[in-house]
Amino acid sequence: MTGEPVLEVRDLCVDYGVGKGGVRAVTDATLTLRRGEVLGLAGESGSGKSTLAYAVTRLLRAPGVITGGEVRFHGPDGVLDLLEADAATLRRIRWDQISVVFQSAMHALNPVARIDAQLTDALRAHRAQLGPAERRERAVELLRLVGIGEERLRSYPHELSGGMRQRVMIAMALALEPRVVIMDEPTTALDVVTQREILDELMQLKDRLGFAIVFITHDLSLLIELADTIAIMYAGRIVELADAQRLFHSPRHPYTLGLLNSFPALHGERVRMEGIPGAPPALTALPAGCAFHPRCPFALERCAHDVPRLTEPAEPDGAPADRSAACWLHTGGEQVPEPLARVLGSTL
């Protein structure tokens with residue numbers, strides 16, 4: 001993590017509803033996204049990943065309410081707290097500095113508008129000095145960036161394949177060369193070959209243009225390949241935050257270990273897959289203490305009563321942790337199970 005910060009999230013809390021009927025969907029989320037970095041958010045459905053992303057961009061729909069924290073965006077004009085920004089400022093920043101590829105993005109295109117009209121919409125709003133010919137030239141350039149020919153400019157979305165529609169959405173997100181691109185499960189509905197092609201192109205564009213990515217998915221195996229840093233979310237909390245390779249080879253939270261054990265290795269001996277027992281809790285009925293303890297094979301007595309904080313665990317080899325985890329097993333007074341005590345370089 002060597003680039004300067006472009007987005008800092010501190011103690012962000014999000015509720016759905018207010019009063020007695022409200023539920024806490026995100027609790028004390030703290031993250032830092034650096035320039036040129038891919039930050040992955042992983043977890044089962046309902047863990048709070050999309051809610052966190054939409055809260056950061058102030059795109060939450062009612063009854064979503066941001067109840068605490070700050071989101072600091074490092075833009076060309078200095079540092080701005082997005083939670084304090086007015087509507088005019090947010091309109092200026094969105095798409096220009098921060099863009100979003102929404103979940104089910106290939107269905108997000110306007111079905112009655114041609115591709116060129118949708119690509120140039122943001123250019124008309126944010127680059128008023130450009131004329132029609134210049135906007136069209138930019139639209140052609142954007143399609144070529146994502147591997148689509150100029151002849152598709154006048155197509156309607158239904159005339160494109162799912163992979164091509166996905167590429168168009170990514171092209172739209174990159175139209176104004178933003179500093180941050182938030183991608184909410186952008187390839188979920190695609191076959192694995194098309195998914196691989198799009199992700200390879202995306203990484204090449206990131207390296208060429210220098211933007212940072214928040215990549216949201218329930219597929220941790222995908223993030224291991226793409227991300228520089230990964231945050232694991234469970235029941236609205238970040239339970240582990242680490243460098244991707246360190247998290248893969250030496251997880252520290254039992255939930256992370258469970259996710260890693262839920263997908264097969266491409267090499268090595270065949271082993272029996274072990275899923276995580278049970279299901280994520282309802283936000284309206286979270287268990288006391290650590291929300292994961294009813295499903296955790298290593299749960300301690302205090303896990304049922306006390307909520308662990310995200311802290312830096314002690315490493316068994318004495319090296320700096322350079323990570324954080326929310327688990328009572330790593331407070332220094334417990335015997336840590338072998339799967340959660342591996343050092344970097346061990347194999348699963």
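The chain is numbered in sequence order, starting from 1. Reckoned from all heavy atoms, side chains included, excluding hydrogens, waters and symmetry mates. Being a predicted model, the structure only gives us computed values, none of them experimental.
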Can you confirm whether L39 sits close enough to D228 that some side-chain heavy atom of one is under 4.5 Å from a side-chain heavy atom of the other? no
Side chains of Y255 and I232, heavy atoms from C-beta outward: is any pair under 4.5 Å? yes
Does anything in residues 79-91 form a side chain to side chain donor-acceptor pair (under 3.5 Å)? List the pairs, not counting sequence neighbours. D86-T89
Quick one: do R34 and E4 make a salt bridge, cutoff under 4.0 Å? no
Indicate whether the side chain of R246 and that of S250 have a donor and an acceptor atom separated by less than 3.5 Å. no
Testing V65, T284, L60 for side chain to side chain contact (heavy atoms under 4.5 Å, CB included) with Y16, which one passes? L60
State plainly whether the residues R252 and E312 are in salt-bridge range, i.e. N to O under 4.0 Å. no
Dump the intermediate steps for salt bridge (charged side-chain N to carboxylate O under 4.0 Å, His left out) on D96 and R92, then the final yes or no. CA-CA 7 Å; D96 188 28; R92 176 173 55 83; over 6 Å; no
May I ask you to check whether over 12 heavy atoms, not counting those of E159, lie within 6.0 Å of atom CD? yes
With a 4.5 Å limit on heavy-atom distance, are the side chains of D184 and V100 in contact? no
Under the salt bridge (charged side-chain N to carboxylate O under 4.0 Å, His left out) criterion, do R179 and E37 qualify, and how do the steps go? CA-CA 11 Å; R179 291 189 168 212; E37 178 187 37; over 6 Å; no
When you check the side-chain N and O atoms of T256 and E240, is any donor under 3.5 Å from an acceptor? yes
Any salt bridge between R10 and D28, counting N to O under 4.0 Å? no
Any side-chain heavy-atom pair of I170 and L145 under 4.5 Å: no
Do the side chain of E134 and the main chain of G131 share a donor and acceptor less than 3.5 angstrom apart? yes
With a 3.5 Å distance limit and no angle check, can you tell me whether R94 reaches the backbone of T57 through a side-chain donor-acceptor pair? yes
Report yes or no: do V214 and L59 belong to one cluster of Ile/Leu/Val/Met/Phe/Trp/Tyr joined by side chain heavy-atom distances under 4.5 Å? yes
Under a 3.5 Å distance rule, please check whether H293 uses its side chain to pair with a backbone N or O of C290 as donor and acceptor. yes
Any chance the side chains of D219 and T217 put a donor and an acceptor closer than 3.5 Å? no
Any donor-acceptor pair under 3.5 Å linking the side-chain atoms of E185 with those of H218? yes
Quick test of your reading of the model: are R144 and E141 salt-bridged, counting only N-O distances below 4.0 Å? no
What is the ring orientation for Y234 with F292, classed by angle as parallel under 30°, tilted 30 to 60°, or perpendicular over 60°? perpendicular
Please tell me whether Y156 and M164 are part of a single hydrophobic cluster in this structure, the criterion being side-chain heavy atoms less than 4.5 Å apart. no
Within-4.5 Å side-chain heavy-atom neighbours: T229 and L247: no
Between R136 and D116, is the closest basic N to carboxylate O distance under 4.0 Å? no
State whether the side chain of T120 and the backbone N or O of L123 hold a donor-acceptor pair below 3.5 Å, judged by distance alone. no
